[in-house]
Asker: 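Just passing along the structure, written as structure tokens.
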Number of protein chains: 2
Amino acid sequence: MSGARAKRWHSRVGRPPSQAANDVHAALIAAARHLFLKHGYQKVTARQIATAAGTTPAMIHYYFGNKMGLFRAMLHEAVQPFTRLLSAAKATPSMDISSIIDAHIRTIAANPWIVSLLVHEVLPEGGKFRAAFVREIASRLFPMLVGVVEQGRREGRLRTDLDARLVALSIVSLNVFPLVVRSIAAPVLGFKLEGAELDRLIAHTSSLLLNGITAEPTKTTHSRART
Amino acid sequence: MSGARAKRWHSRVGRPPSQAANDVHAALIAAARHLFLKHGYQKVTARQIATAAGTTPAMIHYYFGNKMGLFRAMLHEAVQPFTRLLSAAKATPSMDISSIIDAHIRTIAANPWIVSLLVHEVLPEGGKFRAAFVREIASRLFPMLVGVVEQGRREGRLRTDLDARLVALSIVSLNVFPLVVRSIAAPVLGFKLEGAELDRLIAHTSSLLLNGITAEPTKTTHSRART
DNA sequence: ACAGATATTAAACGCTCGTTTAAATAGCTG
DNA sequence: CAGCTATTTAAACGAGCGTTTAATATCTGT
């Protein structure tokens, strides 16, 4: 299927001359990132990754022990920017909910591999990233979101008759689900949730959500709407 | 892992005496239903199904041609009740949105295999039920939901400044996503979305959604709330 | 310059998968 | 009752998987 085989760097057996700038380690991680995050751990074979990286499957064993070791190393690199962002965001006091929706949807839409990783390795019961995702991301991000909702309630901006945790769950649902089903929703909905359509989704989500959880019946459609 | 092997009906080679009520065909479909809908097509082997059905993998080839044939036959049976319900519901004029939310969430929660099927065979790009799901379910159910929203707008009960298709997408998101992430949300949220908690989720979803899309600022928290 | 240490390929290993085949036994038809 | 059809088991097949090994070539430190 994927005939994207990179030509092999070294044609003969034995340690290659160092003149050719050949970082097999990095090439394997890059290929793994491409393939694992697109098709999931199971569907990608060690030979496919090795071929895409221009080397042999024995190099996976040499540098990472086995296929799982390569997956973990790749994932650690891929996820690091977000865990760092998460630790940094712990200090910031309080974002307004529209900004959170905007940032959340845009981040997921801009990195399509996030949805693929969720679908392949988090949602299935035997997902290879499920436990780590819950431990390092969900259980840190979700309480922050609940905290924002609770603060909004304390300040009188949000309804107090709703469970803050359920409100947070609804926010995540409205943000994540449309992008998870994006590829199958396109033919049914009639649009692709890209570009201006994504802006429209964000404005819609803010409006629908805020006028549901806002205490005042102000009915302010949020700012970012574009005609 | 799964040591649920049924004892073989026939111990000797050759056609068995008809006295023993042995419906291998039905047993295979039942075992396939159990295993495929729980773990997904790929993770379940033909030998596992045959063993669970108390027979041999050659019987899959004999009755269904191959593993895929068994999967399709099983799925046709499993989904039939819903496609029939769908055809019947086409005649009914208009449900109110709270009833739709209630029915939708309860149906998914009462049939856990629906979520598993979505996660394993619809959401992934190569899912074995993806095309059929879009064709026979999504593209029939979703327009009905859009129609309900549009009728509510015409009757003045719902806001007119929101895109009806996006409202429908939000409704589906709020209904489906919490149950899709149920097993990973449990430790993060602190509850399991079962029993009374499910009732609370339904009431919450109705309240949050309606006060977002209702034109009047009446703020009627919907009925079904239980303390 | 020599002796490890390091990096690489090609080949093979053992395993499991879906599938096929051969043989065996019972039912069915005339 | 003879012959054909239907149903089943056990065994094997070929392919593909992740992984391991043996050989080989280069680099590095003394």
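For clarity, every value in this text was computed on a predicted model and none was experimentally measured.
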Asker: Hey, does B/T45 reach any base, or is it just sugar-phosphate, or nothing, if we go heavy atoms under 4.0 Å?
Answerer: sugar-phosphate
Asker: With A/H104 as reference, evaluate A/I171, A/L174, A/V176, A/L145 under the side chain to side chain contact (heavy atoms under 4.5 Å, CB included) test and give the passing residue.
Answerer: A/V176
Asker: So if I take every side-chain heavy atom of B/V24 and compare against D/dT8, D/dT20, D/dA10, which nucleotide ends up nearest?
Answerer: D/dT8
Asker: Taking only side-chain nitrogens and oxygens of B/T55, does any of them come within less than 4.0 Å of OP1 or OP2 of D/dT9?
Answerer: yes
Asker: Would the base of D/dG16 count as contacting A/R47 through its side chain, where contact means a donor and an acceptor less than 3.5 Å apart?
Answerer: no
Asker: Hey, which sits more toward the 5' end of DNA chain D by its nearest nucleotide, B/H25 or A/P57?
Answerer: B/H25
Asker: Is it possible for you to check whether A/K67 lies under 6.0 Å from the centre of the six-membered ring of A/Y41, through NZ or CZ, and within 45° of that ring's axis?
Answerer: yes
Asker: May I have the distance from B/M68 (atom CE) to C/dC17 (atom P), rounded to whole angstrom?
Answerer: 19 Å
Asker: Answer yes or no: does a side-chain N or O of A/N66 lie under 4.0 Å from OP1 or OP2 of D/dG18?
Answerer: no
Asker: Quickly work out the B/Y62 OH to D/dT9 P distance and round it to whole Å.
Answerer: 12 Å
Asker: Working to the nearest 0.5 Å, report the span between CG of B/L189 and CG of B/L201.
Answerer: 9.5 Å
Asker: Is any side-chain N or O of B/T56 closer than 4.0 Å to OP1 or OP2 of D/dT8?
Answerer: no
Asker: Nearest whole Å is fine: how far is D/dT21 P from A/M59 CE?
Answerer: 14 Å
Asker: To the nearest Å, give me how far apart OH (B/Y41) and P (C/dC17) are.
Answerer: 13 Å
Asker: Could you tell me the separation between the NE2 atom of A/H61 and the P atom of D/dT21, rounded to a whole number of Å?
Answerer: 7 Å
Asker: Whole angstrom is fine here: how far is it from CD1 in A/I49 over to P in D/dT19?
Answerer: 11 Å
Asker: Quick one: do B/V188 and B/V181 satisfy side chain to side chain contact (heavy atoms under 4.5 Å, CB included)? Show the steps, please.
Answerer: CA-CA 11 Å; B/V188 175; B/V181 300; over 6 Å; no
Asker: Measure from CD1 on B/I60 to P on D/dT8 and round the result to the nearest Å.
Answerer: 13 Å
Asker: Should we say atom CD of B/E125 is surrounded by more than 12 heavy atoms from elsewhere, each under 6.0 Å from it?
Answerer: no
Asker: Categorize A/Y63 for me: base, sugar-phosphate, or nothing, with a 4.0 angstrom heavy-atom threshold over every strand shown.
Answerer: sugar-phosphate
Asker: Distance check needed: C/dT16 C1' versus B/Q42 CD, whole Å only.
Answerer: 14 Å
